[in-house]
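Each remark here refers to the structure printed beneath this line.
One is the number of the first residue; the rest follow in order along the sequence.
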Amino acid sequence: MLHCIGGLKSATMEVFIPQKSAELGLNDHHQNEVISYMRFARSKRGLRLKTVDSCFQDLKESRLVEETFTIDEVSEVLSGLQAVVHSEVESELINTTYTNVLLLRQLFSQAEKWYLKLQTDISELENRELLEQVAEFEKAEFTSSNKKPIIDIVKPKLAPLNEGATAELLNKEILRLQEENEKLKSRLKTMEIQATNALDEKSELERALHDLQLNQGNQKDFIKAEDLSDLENTVAALKSEFQKTLNDKTESQKSLEQNLATAKHDLLRVQEQLSLAEKELEKKFQQTAAYRNMKEILTKKNDQIKDLRKRLAKYEPED
């Protein structure tokens, strides 16, 4: 057991002769981002291996002080060591999982700003060929004779993905349709207010006419004959003017209703165009190299996790 761990430690310290530089099919910016993440993962891995080595060293210094041991004593020592190593490895695997979730969260949050829906292919994470490609890339980037420095710059916030003129045009079209959608909503709201005001004004005019007719009936007995004729003429003129006003309001109301229906149709048309543009943009993004490379990276990471689980299974006791 001690010999096995010692061999693991020496393997991590071995310096490989650099071969032809491996590539991941990414642009310089994204490749540097991958290298930064691999540098972070290597540092965490090195710290955890040192912790495992210290567990064995503590065991040798504290328990292996006698020349001979019984089977029960050896079994007790190995059981204790197994529990400590199991805890350390489990802690690292859990931390690696959470770290990957945070990395995915950054990418998904960036995509959602542009109404994109990213998908992952978990089966690709166990692709041995891709995993070996990542291993070659790591070996080429981090060996002492071929180590490439990464420029230390202030990390900006994640910028939305944008590849090619087609995606840019689709994004602009989405923004334009969204603006037109907002304008139509505002216009529709204004027309609804105008239609409501016209109906209220029509109701007020009808009430005024009704009150005038009531007043006319109450005052007929008290008005002289000549004044009655003048009053009837005035009422007739008022009725004619009211009818004209009422007709104008009716026409205005009909026009407002027609405009309202037209605005609703325009709003539905714009919303449909917006939905089609979003689907087209999502389709274009899924065909980009960034989308395929992201799937490959996630596939490789899952393969690494499964490989670690297989290694860990070698140290777990059989039931």
Side-chain angles (χ1 to χ4, degrees), residues 27 29-30 101 103-121 156-212 237-295 298:
N27 59 35
H29 173 75
H30 289 158
V101 170
L103 181 62
L104 289 174
R105 179 177 176 271
Q106 292 184 26
L107 297 176
F108 291 155
S109 297
Q110 178 186 6
E112 288 175 1
K113 291 181 180 179
W114 286 100
Y115 308 100
L116 301 177
K117 295 180 180 179
L118 303 184
Q119 294 179 345
T120 59
D121 188 355
K157 292 184 178 179
L158 289 176
L161 297 176
N162 186 9
E163 288 196 4
T166 303
E168 182 177 359
L169 291 176
L170 286 173
N171 290 332
K172 290 182 179 180
E173 180 65 15
I174 288 176
L175 292 176
R176 185 188 68 79
L177 291 174
Q178 287 177 338
E179 292 177 357
E180 185 175 351
N181 188 16
E182 293 298 327
K183 290 180 181 179
L184 287 174
K185 286 182 179 180
S186 177
R187 179 183 173 190
L188 179 63
K189 185 176 181 180
T190 302
M191 289 183 175
E192 289 177 347
I193 294 175
Q194 291 178 351
T196 302
N197 293 336
L199 291 175
D200 292 341
E201 188 174 352
K202 178 181 177 182
S203 299
E204 291 178 359
L205 290 174
E206 290 177 345
R207 285 197 299 270
L209 177 60
H210 181 69
D211 293 341
L212 182 61
L238 288 173
K239 283 184 177 181
S240 177
E241 183 178 358
F242 172 76
Q243 190 63 39
K244 181 180 179 181
T245 302
L246 187 60
N247 291 336
D248 292 340
K249 292 295 181 182
T250 302
E251 291 296 327
S252 177
Q253 181 181 354
K254 290 181 180 179
S255 177
L256 288 173
E257 290 175 351
Q258 292 176 355
N259 291 336
L260 183 61
T262 302
K264 288 182 177 180
H265 288 306
D266 291 340
L267 178 60
L268 292 175
R269 176 180 58 81
V270 169
Q271 289 176 342
E272 182 179 1
Q273 292 177 353
L274 180 60
S275 177
L276 291 175
E278 289 176 348
K279 292 179 179 179
E280 183 65 18
L281 179 59
E282 181 176 352
K283 181 179 178 182
K284 291 291 183 181
F285 175 76
Q286 291 179 353
Q287 296 174 356
T288 59
Y291 177 79
R292 294 193 298 272
N293 292 332
M294 189 183 303
K295 289 178 62 178
L298 293 175

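- Using a 4.5 Å heavy-atom cutoff, the side chains of His30 and Asn293 are not in contact.
- Each salt bridge (charged side-chain N to carboxylate O under 4.0 Å, His left out) pair with one or both residues in residues 183-196, not counting sequence neighbours, would appear here, but there are none.
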Would you tabulate the side-chain donor-acceptor contacts of residues 259-276 under 3.5 Å, counting partners in other chains and residues two or more places apart, or write 'none'?
unit_1, atom_1, unit_2, atom_2, d
Asn259, ND2, Ser255, O, 3.3
Thr262, OG1, Gln258, O, 2.9

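- Checked by atom type and distance alone, the side chain of Asn181 never pairs as donor or acceptor with a backbone atom of Leu177 at under 3.5 Å.
- Within the structure, salt bridge (charged side-chain N to carboxylate O under 4.0 Å, His left out) contacts touching residues 196-206 (residues at least two apart or in different chains) are Glu201-Lys249.
- In this structure, the side chains of Lys244 and Ser240 stay at 4.5 Å or more apart for every pair of heavy atoms.
- Between the side chain of Thr245 and the backbone N or O of Glu241 there is at least one donor-acceptor pair closer than 3.5 Å.
- Residues satisfying the side-chain contact (heavy atoms from CB on, under 4.5 Å) test with Leu104, not counting sequence neighbours, are Phe108, Leu298.
- Applying the side chain to side chain donor-acceptor pair (under 3.5 Å) rule to Gln178 yields the partners Tyr115; only residues at least two apart in sequence or on another chain are considered.
- For Glu278, the side chain to side chain donor-acceptor pair (under 3.5 Å) test picks out no residue, with sequence neighbours left out.
- Partners of Glu257 under the side chain to side chain donor-acceptor pair (under 3.5 Å) rule, at least two apart in sequence or in another chain, are Gln253.
- Taking CG from Leu246 and NZ from Lys239, the interatomic distance works out to 13.5 Å, rounded to the nearest 0.5 Å.
- Atom CD of Glu180 sits about 13.0 Å away from atom CG of Leu175, to the nearest 0.5 Å.
- Judged as a side-chain contact (heavy atoms from CB on, under 4.5 Å), and not counting sequence neighbours, the contacts of Gln194 are Thr190, Leu256.
- Atom CE of residue Met294 and atom CD of residue Gln119 lie 12.0 Å apart, to the nearest 0.5 angstrom.
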